[in-house]
Every structure is written in structure tokens, then in C-alpha cells.
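Hydrogens, waters and symmetry mates are skipped; everything else that's a heavy atom, side chains included, is used.
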Number of protein chains: 2
Amino acid sequence: MSTHHPGSQKDQHALNAYISLLRCTETVTSDTCRHLAAEKLTVGQFGTLEALYHLGPLCQRDIGKKLLKTGGNVTTVVGNLEKRALVERRRMPEDRRYYSVALTETGQELIARIMPRHIENITTRLAVLSLQEQDELRRLCRKLGLAS
Amino acid sequence: MSTHHPGSQKDQHALNAYISLLRCTETVTSDTCRHLAAEKLTVGQFGTLEALYHLGPLCQRDIGKKLLKTGGNVTTVVGNLEKRALVERRRMPEDRRYYSVALTETGQELIARIMPRHIENITTRLAVLSLQEQDELRRLCRKLGLAS
DNA sequence: GGATGATAGTTTAATATTAAACCATTTACG
DNA sequence: CGTAAATGGTTTAATATTAAACTATCATCC
């Protein structure tokens, strides 16, 4: 890092962009997810229900991959959803290490009832940006996010 | 919402943009903060130290505002930092409701030692985007984030 | 000056979250 | 086969996080 000057132009651009990215994500998520409190759902619980709703039954490992969370966390969240009978676990006979996690009827109804409002929240919130700007934001985020 | 068609073009642009935004923020934060584990610091603890480092002593309410966290959370995080003698609380005589939270010498040394690496992580990570793209990302995020 | 209300911080109860150690099952391979 | 490695899930211990109820202090204003 001999050529790296702390506090350089490069740093400033990167830091400013990153800080704005962080705060934007936090406020948008906070705003669009506020309605979940009325159903006593956390963001992680909602994300799990949503994944099962769109993708069908998943094993916990795949849920974790989708939500970018650890296995231990998935155990907890799925456990809490199961307590409320919104999902159920079934052992897979062909490989008994796996559980298949699926929405129950109650869970299906709940997520189907909530999703429209959630999508509307996101669409309304994002409407501050033009469709072109939304696409550009997506492009930049994908480019940046896939650089892992 | 009579004019709102679920699954419309508008929804798709917004959802795609929002999902990319979420995943980007999660992966970038995860990558740039990984080094904190070596110091046994959580992201929240680091954020608190960083705020005190750049802004000087703050009361807990201002720390919460800065990190977008609740008062109860600040109590916990500052408490854990205090246990490790990285910060200290002092009652403000002019208004005894407030604490002034400040870095200790140890805390100062720690954050000063860690910051360069952290900034470098961010700068390196963001370098996938050109400086113009970083500025555009910042502009879009600010526009979107300030719409609360 | 004493009730009223606002404000800073804490506590409590519940869930989330991670890393690390662990258990159970399956797969690889000698 | 039978052991070793890999894999899915759980547990544990610690911290984070929130909402809601609470304490203490300060400000307002009759």
C-alpha cells in the first residue's frame, strides 16, 4: 500500500458512497417493513415466509443461503415460526439430514395477505427515483455486490 | 390504489432495485467488517467507537441517532464497551440526565489502529465502481434515503 | 413552588445473530 | 465393510436489537 494516501480523493469517494448506501438501506428497510409489526413478524421471519412462498419448500441450508444468515439463526427463526404454526418441518426420507420446511395453510394465508402491502410499500418508496434511476441503482448494486 | 396492478412493470423495477440494494449492502458490509472479528468487535461496537473518534464525546441519544439504533441498544453496546474499558461514561453536571460517552486512551488507540484498515477495505471494495459510478451511487442512495 | 409533561437513560422480555462445539447422517475410499 | 471426511442441523454462550414499561432529571406554567 505504498501508493495509498489515507484521506485521499479515492477514499473520500468510496466512504461517501458507502455511508450513503448504508443509511439508505437502513431507512428504506425500516420504512417498508414497519407494517410487519402489526402481524408480530420480524424481518427475518417475513423473509423466511416470503422465500417459502415464492420458491416452495426449502431445506434450512437453502433458507440460510437466501437470507445470508447462519445455520444457527435459521434454526431459531424457523423454530419460532413453527411455534406459531406458520411453517412445518418434515424429515426427508431420502436423506435424513435434511428437513423440508414448508408453509402451513395458516402461513400461506398470512404471507399472501401481507405481500401486496409489502410490495406496494417498496414500489411507493422507490418511486422517488425514476425507473431509469432505479435500473441504474440496481446495476451499480449488482456490480458492487457480486464483487465478493 | 385502483390504478395499481400487482406485478406491474413499476413493481418489477422497484423490487429488483430494492433486492439488489439489500444484497449489495449485506455483502459489502460483511466483507469490509470481517477484520473486526480479530479485535472481538461487533459492527455496532465499531460504529460507536468510530463515531466517538470522529465527533468527540457524545451522549447516548446522539450515538443512537448516528447509528439509527434505539436507546436500549445504545445502553447495551456502550455498556459492553465500558466493560472492556474502551469508553467511559461521565454524568454531565449541567444536566444530570445526560451521560457524556468518551473514548478512553485504550479505546482511542484501538480505533486509531483499526481505522486505516477499515477505510482501505471500503476503498478497495468500492473500487469495482469508477469514481463517477461511486458518485452516482451516492446520489441515488441519498435521494432514496432522504425520502423518509 | 408544586403539578404536569418532556427528555435521557435503564430494565425487561422476547427474538435475532454469530461463532464454535457438537450430533446425526451420508459419502468417499482404502 | 469400516473408518474418515463432509454435510445438515442443533446447541451454547455471548452480544445485538426492539418495544414497552420504568426511573430520574429537567422544563413549563399556572
Side-chain angles (χ1 to χ4, degrees), chain A residues 22 25-27 29-31 33-49 51 57-84 86-102, chain B residues 22 25-27 29-31 33-49 51 57-84 86-102:
Chain A
L22 268 190
T25 300
E26 277 166 12
T27 58
T29 297
S30 166
D31 287 349
C33 290
R34 190 165 296 131
H35 70 110
L36 298 179
E39 311 289 344
K40 304 276 184 201
L41 284 179
T42 67
V43 175
Q45 289 173 352
F46 174 74
T48 302
L49 295 180
L58 296 173
C59 70
Q60 297 190 183
R61 178 177 145 281
D62 287 343
I63 294 175
K65 266 190 189 171
K66 186 95 185 124
L67 306 185
L68 305 180
K69 294 288 150 65
T70 63
N73 182 35
V74 176
T75 295
T76 301
V77 173
V78 169
N80 282 324
L81 289 173
E82 200 175 32
K83 272 197 260 175
R84 289 170 61 182
L86 297 174
V87 304
E88 62 186 1
R89 285 187 246 235
R90 273 165 305 177
R91 278 281 184 204
M92 298 300 279
E94 58 272 30
D95 188 336
R96 292 184 39 74
R97 286 172 301 183
Y98 289 80
Y99 280 119
S100 172
V101 182
Chain B
L22 267 191
T25 300
E26 277 167 11
T27 59
T29 297
S30 166
D31 288 350
C33 290
R34 189 165 296 131
H35 70 111
L36 298 179
E39 311 289 344
K40 304 276 184 203
L41 284 179
T42 66
V43 174
Q45 288 172 353
F46 174 75
T48 303
L49 295 179
L58 296 174
C59 70
Q60 298 189 183
R61 177 177 146 283
D62 287 343
I63 294 175
K65 266 191 190 170
K66 187 96 184 125
L67 306 184
L68 305 180
K69 294 291 150 65
T70 63
N73 182 36
V74 175
T75 295
T76 302
V77 173
V78 169
N80 282 324
L81 289 172
E82 198 175 34
K83 272 198 259 175
R84 289 170 60 181
L86 297 174
V87 305
E88 62 185 2
R89 285 187 244 235
R90 273 165 305 177
R91 276 283 183 205
M92 300 298 279
E94 58 272 29
D95 187 336
R96 293 184 39 75
R97 288 174 298 183
Y98 288 81
Y99 281 118
S100 172
V101 182

Quiz item: cation-pi between R91(B) and Y99(B), 6.0 Å / 45°: yes
For [N], does OP1 or OP2 lie under 4.0 Å from any side-chain N or O of [X]?
X: N80(A); N: dA16(C); answer: yes
X: Q45(B); N: dT15(D); answer: no
X: T42(B); N: dA16(D); answer: yes

Would you call S30(A) and E26(A) a side-chain contact if the rule is heavy atoms closer than 4.5 Å? no
Quick check: do R84(A) and L41(A) have side-chain heavy atoms less than 4.5 Å from each other? yes
Nearest listed nucleotide, side chain of [X], among [options]:
X: R96(B); options: dT18(D), dT25(D), dG8(D); result: dT25(D)
X: R89(B); options: dT18(C), dT15(C), dT10(C); result: dT10(C)
X: R61(B); options: dT25(C), dA8(C), dT15(D); result: dA8(C)
X: T76(A); options: dT17(C), dT15(D), dA8(C); result: dT17(C)
X: T75(A); options: dT17(D), dG9(D), dT15(D); result: dG9(D)
X: R97(A); options: dG9(C), dA16(C), dT26(C); result: dT26(C)
X: D95(B); options: dC26(D), dT15(C), dA16(D); result: dC26(D)

Euclidean distance, atom [atom1] of residue [X] to atom [atom2] of [N] [Å, nearest integer]:
X: L58(B); N: dG9(C); atom1: CG; atom2: C1'; value: 15 Å
X: K66(A); N: dG8(D); atom1: NZ; atom2: C1'; value: 20 Å
X: I63(B); N: dA16(D); atom1: CD1; atom2: P; value: 13 Å
X: Y98(B); N: dT10(C); atom1: OH; atom2: P; value: 14 Å
X: K65(B); N: dA8(C); atom1: NZ; atom2: C1'; value: 12 Å
X: M92(B); N: dG9(C); atom1: CE; atom2: P; value: 10 Å
X: L41(A); N: dA19(D); atom1: CG; atom2: C1'; value: 16 Å
X: Q60(B); N: dA16(D); atom1: CD; atom2: P; value: 13 Å

Hey, what do you get for OG1 (T27(B)) to CG (L22(B)), rounding to the nearest 0.5 Å? 10.5 Å
5' precedence on DNA chain C between L68(A) and G72(B) (nearest-nucleotide basis): G72(B)
So which atom in Q60(A) and which in R89(A) form the shortest heavy-atom distance, rounded to 0.1 Å? OE1-NH1, 2.5 Å
